[in-house]
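Each remark here refers to the structure printed beneath this line.
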Amino acid sequence: MQHVDLLLTNIGQLLTMESTGPKAGKEMQQLEMIEDAVLAIANGKVAFIGEKGSEQHFKAKKTIDCQSKLVTPGLVDPHTHVVFGGSREHEMALKQQGVPYLDILKQGGGILSTVEKTREASEDQLVEKARFHLDRMLSYGVTTAEVKSGYGLNGETELKQLRVAKKLRESHPIDLVSTFLGAHAIPKEHKETPQVFLEEMLTLLDQIKEEQLAEFVDIFTETGVFTVEQSRSYLSAAQAKGFGLKIHADEIDPLGGTELAADLKAISADHLVGASDEGIKKLAQSGTIAVLLPGTTFYLGKDTFARARKMMEEGVTVALATDFNPGSCPTENIQLIMTFAALKLKMTPEEIWNAMTVNAAFAIGRGEKAGQLVVGRGADVVIWDAPNYMYLPYHYGVNHVNTVIKNGCVVSKRRDIIEA
Ligand SMILES: O=C(O)CC1=NCN=C1
Ligand SMILES: [Zn+2]
């Protein structure tokens, strides 16, 4: 009889997502799944995965009868801007009038209005606000996530944001991976001197490395922000200092950020709405992961979405993320992104689950630690109020989480109706 801490029995479908590496192209059609399964957890790790009936070999401190529900690895959100001050609901009217995102930015709104609020906010205020959003992400089933800076656009505030992320990394149940996005927009004070601004951001890298404030460096390669050539030299300098690379690429205008990401072997290229055929081919060759953000395309009111099917046909590894941020995608609801991926990116449920677990984990350098349920790995598990894995993209706009387990501990449970 093996003693364990937690035993999950009567699991209808258990998605283990077991994989030795990211799933590229057609490999994304495969799901590692066990029907009528049992999962045992001891000392925060997965101790056993097996068929119904094997529960008799275990003595557990706590047993959860999963009532034939779906059980999966905790979700991974590989692209968020979750540390920020203020909000941008006032821009909704401009969006409704059809004012383009880049015009709002050019008029000093958008990212720059969040910069003002983030510069004003104290570190403690930013910690509390981000903690609120992270708690909500956890309640939606996210157990690992990336968090970017990028609302400071000066040394003091960029470091403040990254220190906020580090405090949350050390205190919040969600495992966080930090990215320095100082090159997110050109601040008003550098409107005429963008190159000077980029050089100023690069001077922060030594301190960011020394204080272990970020593993990746990202840039917004976009019309009216940074050119491909500016981005190439900026990212090459960051790469030379040992940072992994990410790019906000071809989100609105097809400048060729996709090709640049592949040329530099960035770990991921994100957005890719305007990615060219050539860029998509290069992603497949370089192994750069395509992180697609259909929630942003929807929220910006665009009709053209990233060509996920073309990418997978060409052998690209595709991941999905919320892009949670106060302007272009103000939602923590990663389950809603599953529905956008199904209806707008035409991804199948199998592809979606690979994109939200194993591939998303590899897109932030956590492929060996997150996104899979494997004996010996940390037990980050979600029990869903759903009969099977196809159900989540299908039944949209609600939270299907029943229970979230992080490193073997129950950290979030469905809110039961409080008796009147
Ligand atoms: O608008 C924002 O705050 C976030 C964003 N960065 C690049 N695209 C969207
Ligand atoms: Zn983003």
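One-based numbering, in listed order, for ligands and for the atoms of each. Note that the numbering runs from 1 along the sequence shown for the chain.
Looking at Glu222 against ligand 1, nothing comes within 4.0 Å, counting heavy atoms. Counting heavy atoms closer than 4.0 Å to ligand 1, residue Phe220 contributes side-chain atoms (C-beta onward) but none from N, CA, C or O.
For His248 and His81, the ring centers are positioned less than 6.0 Å apart. Separation of the Phe324 and His79 ring centroids does not fall under the 6.0 Å cut-off. Checked against the 6.0 Å centroid threshold, His400 and Tyr391 count as a close aromatic pair.
Atoms of ligand 1 lying under 4.0 Å from any heavy atom of His184, numbered from 1 in the order shown and given with element: 4 (C), 5 (C), 6 (N), 7 (C). The ligand atoms of ligand 1 that sit less than 4.0 angstrom from a heavy atom of Tyr151 are 2 (C), 3 (O), 4 (C). The contact set between ligand 1 and Arg88, taken as ligand atoms under 4.0 Å from a residue heavy atom, comprises 1 (O), 2 (C), 3 (O). In summary, the atoms of ligand 1 found under 4.0 Å from a heavy atom of Ile111, numbered by their order in the structure, are 1 (O), 2 (C), 3 (O), 6 (N). Close approach of ligand 1 to His248 (heavy-atom distance below 4.0 Å) involves ligand atoms 7 (C).
Between Phe197 and His190, the angle of the ring planes lies from 30° to 60°, which puts this pair in the tilted group. The aromatic rings of Trp353 and Trp384 sit perpendicular to each other, their planes meeting at more than 60°, with 30° as the lower class boundary.
Protein heavy atom nearest atom 8 (N) of ligand 1, with residue, atom name and distance: Glu251 OE1, 2.9 Å. Among protein heavy atoms, atom 5 (C) of ligand 1 sits closest to Tyr101 OH, 3.3 Å.
For the pair Thr143 and Val404, the minimum side-chain heavy-atom distance is below 4.5 Å.
Salt bridge annotation for Lys167-Glu123: present, with a cationic side-chain nitrogen under 4.0 angstrom from a carboxylate oxygen. Of the charged side-chain nitrogens involved, at least one lies within less than 4.0 Å of a carboxylate oxygen, so that Asp218 and Lys148 count as a salt-bridged pair. Between Asp175 and Lys406 there is a salt bridge, with a side-chain nitrogen of the basic residue lying less than 4.0 Å from a carboxylate oxygen of the acidic one.
The main-chain N or O of Ala275 is found under 3.5 Å from a side-chain atom of Arg307 such that the two form a donor-acceptor pair.
Listed by chain and number, the protein N, O or S atoms at a distance under 2.8 Å from the Zn ion (ligand 2) are His79 NE2, His81 NE2, His248 NE2, Asp323 OD1.
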